[in-house]
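The structure appears below as structure tokens.
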2 protein chains.
Amino acid sequence: MLPELKITPLRYVLAVVDQGGFHAAARQVHRTQPALSMAIRELENRLGEALFERGNQATLTPFGRYCVPRFRELLTQHDRLSGELVAQVERQAGHLDMAAVPSVASRLMPRLLADFVADYPGIRVSLHDGTADFVRDQVLAGEVDLGLTSLGEGNAALSFTPLLRDALGVVCRDDHPFAGREAVHWQELMGESLIGNGTSRLLQGTDAAALRDHHAFYISNMVSLTAMLVAGLGVTTLPQLAFPEEYQRLRFVPLSEPRVAREIGLLQLAGRSLSPGASAMADFITRALA
Amino acid sequence: MLPELKITPLRYVLAVVDQGGFHAAARQVHRTQPALSMAIRELENRLGEALFERGNQATLTPFGRYCVPRFRELLTQHDRLSGELVAQVERQAGHLDMAAVPSVASRLMPRLLADFVADYPGIRVSLHDGTADFVRDQVLAGEVDLGLTSLGEGNAALSFTPLLRDALGVVCRDDHPFAGREAVHWQELMGESLIGNGTSRLLQGTDAAALRDHHAFYISNMVSLTAMLVAGLGVTTLPQLAFPEEYQRLRFVPLSEPRVAREIGLLQLAGRSLSPGASAMADFITRALA
DNA sequence: GCAGGATGGTAAGTAAAGCTGATCAATCAG
DNA sequence: CTGATTGATCAGCTTTACTTACCATCCTGC
């Protein structure tokens with residue numbers, strides 16, 4: 001019922017007005033002169049009113065004078081939108097929300113983020129950190145585009161892209177016999193005062209599963225855990241990335257047998273596309289950690 | 001360089017989103033489902049990013065969610081413009097400026113304008129009145145769309161459409177011998193105290209041209225002229241439309257020989273179209289005075 | 001587990017739109 | 001009058017935008 005205006009003929013009209021003639025306008029829009037004549041004629045027919053005076057060369061009718069500023073306005077809106085979309089697609093603008101476990105957030109992300117914003121200065125990034133469960137829930141709820149976390153139990157709604165393996169090791173104080181050792185066998189831990197923590201579940205299903213029943217304490221909070229270790233109350237197992245390097249008195253010794261590692265990678269909703277910004281981040285991280 | 005968005009596919013996308021599926025959307029826009037699938041696919045290719053999740057039914061990608069409100073905005077602008085133009089073309093909105101000589105403005109226009117606004121309630125009309133020279137200059141300068149005036153000397157830039165003939169007659173007081181007569185011959189005026197006025201130039205080139213040299217006075221102002229006539233200082237010639245009917249003591253007697261009339265009609269710029277509103281008025285006046 | 005009815009995607013064929021190149025009439029400058 | 005330039009017109013080609021018909025998949029009810 002309302003006529004559907006096409007963008008191109010409107011542009012032709014403005015070109016004719018701005019250039020003062022069909023030939024010059026045709027050159028500007030990289031078409032031949034008959035193309036403009038016919039397209040504009042078609043537009044006039046659709047509107048039911050002439051835009052240019054017939055016979056007179058490139059002179060607007062009163063109706064044409066009425067239309068031109070309005071055409072220009074619509075074209076401006078169109079070009080603004082078009083440019084905005086291209087900027088998103090080309091990763092020159094946009095934003096993304098991501099979540100990561102604390103060890104990744106504090107040990108990997110600072111460098112990654114700095115490099116990312118250098119490559120994609122137009123993209124705004126929000127980073128939330130929390131436990132692996134928190135990260136998974138945020139991704140599942142669509143609160144964040146991407147999660148950077150360790151692999152939990154499989155979930156059909158989630159897709160996980162492994163990026164690096166984070167080997168489990170023993171953490172002890174610098175005066176402990178393990179300190180300075182190349183590696184430690186799990187059975188050696190059976191005689192130790194062993195402190196459990198949130199990452200201890202990584203042991204289940206491995207040869208060292210028995211250690212889980214051997215905990216003297218269980219401390220979920222990282223600050224408390226390190227305080228215990230510094231105080232010499234015992235040793236614990238931690239993935240290397242979670243080892244708090246800033247404590248001079250603590251040492252990390254790899255576990256030689258069994259070799260246990262958590263798989264760190266990108267978590268996203270399965271079967272769902274990423275926003276252009278999130279996609280840029282996912283590609284960037286994959287490249288950076290490959 | 002910037003991709004040129006077409007309006008129709010954007011509308012398809014919104015239909016799919018609003019209807020929750022391609023089939024329902026196709027029904028809404030009176031197309032078949034493959035038409036939408038292909039048009040939207042083409043749009044996605046042009047943008048370089050998917051709008052709907054592949055495989056998933058009618059689910060937007062994050063990029064799609066970003067686009068939809070912007071598409072809706074552009075379509076709103078488009079439809080507003082389209083509707084506005086149609087309203088102009090269909091004479092449901094618009095405006096026009098016209099000029100008329102005082103006799104026409106006061107004797108013909110009141111009725112014409114009342115009928116016009118009844119037919120075209122959306123069109124705003126401005127009416128300026130002035131001498132025939134003023135009307136001609138306003139039309140020539142493009143200050144008004146239409147002039148309603150008597151025919152002056154020909155001008156290639158102007159086009160005149162005659163509408164009615166306004167016969168010249170003698171105006172005298174009710175106690176004058178001419179009062180009540182059927183007609184008067186020009187030679188009878190040679191013995192009278194004759195007052196000239198702006199319309200006296202109509203006599204030139206006629207048998208009665210001699211009367212112009214016979215004026216006792218020349219009064220350009222209409223109010224002064226009628227005052228003179230009412231005071232019985234003489235008689236004058238006037239076109240019938242210019243005869244001030246509201247003065248009970250004045251009488252109008254047609255001039256039988258020569259039959260002189262001014263041609264009243266529409267004046268407009270030659271070779272230039274009228275605005276839709278002006279065109280409505282021109283057609284209306286032509287019909288009304290036919 | 002298997003028909004029946006949704007979903008959306010794909011392929012082939014068609015009508016129309018959009019463009020080019022050649023040509024034309026009209027206008028204008030030298 | 002001539003040569004250049006204006007916009008209009010037409011034939012012919014290419015591309016686009018559809019439609020119809022068909023296919024694979026998924027969900028629902030029996």
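Here is how names work: the chains are called A, B, and so on, in the same order as the sequence lines, proteins then strands, and each is numbered from 1.
Atom CG in B:Leu43 sits about 11 Å away from atom P in D:dA17, given to the nearest Å. C:dG18 atom P lies 12 Å from atom CD of B:Glu4, rounded to whole Å. Separating the NE2 atom of B:His23 from the P atom of D:dT20 is a distance of 14 Å, rounded to the nearest angstrom.
In this structure, B:Thr32 reaches the D:dT19 phosphate: one of its side-chain N or O atoms is under 4.0 Å from OP1 or OP2. For the OP1/OP2 pair of C:dT10 and a distance below 4.0 Å, the side-chain nitrogens and oxygens of B:Arg41 include at least one atom meeting the criterion. Close to C:dG8, at under 4.0 Å from its OP1 or OP2, lies no side-chain N or O of B:Arg54. Residue B:Tyr12 places at least one side-chain N or O under 4.0 Å from the OP1 or OP2 atom of D:dC18.
Closest contact between the side chain of A:Lys6 and the listed nucleotides C:dC19, C:dG18, C:dT10 involves C:dG18. When the nucleotides D:dT19, D:dG7, C:dG8 are ranked by their closest atom to the side chain of A:Ser37, D:dG7 comes out on top.
For the pair B:Arg46 and A:Gly21, both in contact range of DNA chain D, the more 5′-proximal nearest nucleotide belongs to A:Gly21. Residue whose closest nucleotide on DNA chain C sits further toward the 5' end, between B:Gly20 and A:Thr8: B:Gly20. Each of B:Met38 and A:Ala39 lies near DNA chain C, and the nucleotide nearest B:Met38 is the one positioned closer to the 5' end.
A donor N or O paired with an acceptor N or O is not found under 3.5 Å between the base of C:dA17 and the side-chain atoms of A:Glu42.
Between B:Arg136 and B:Glu153 there is a side-chain heavy-atom pair separated by less than 4.5 Å.
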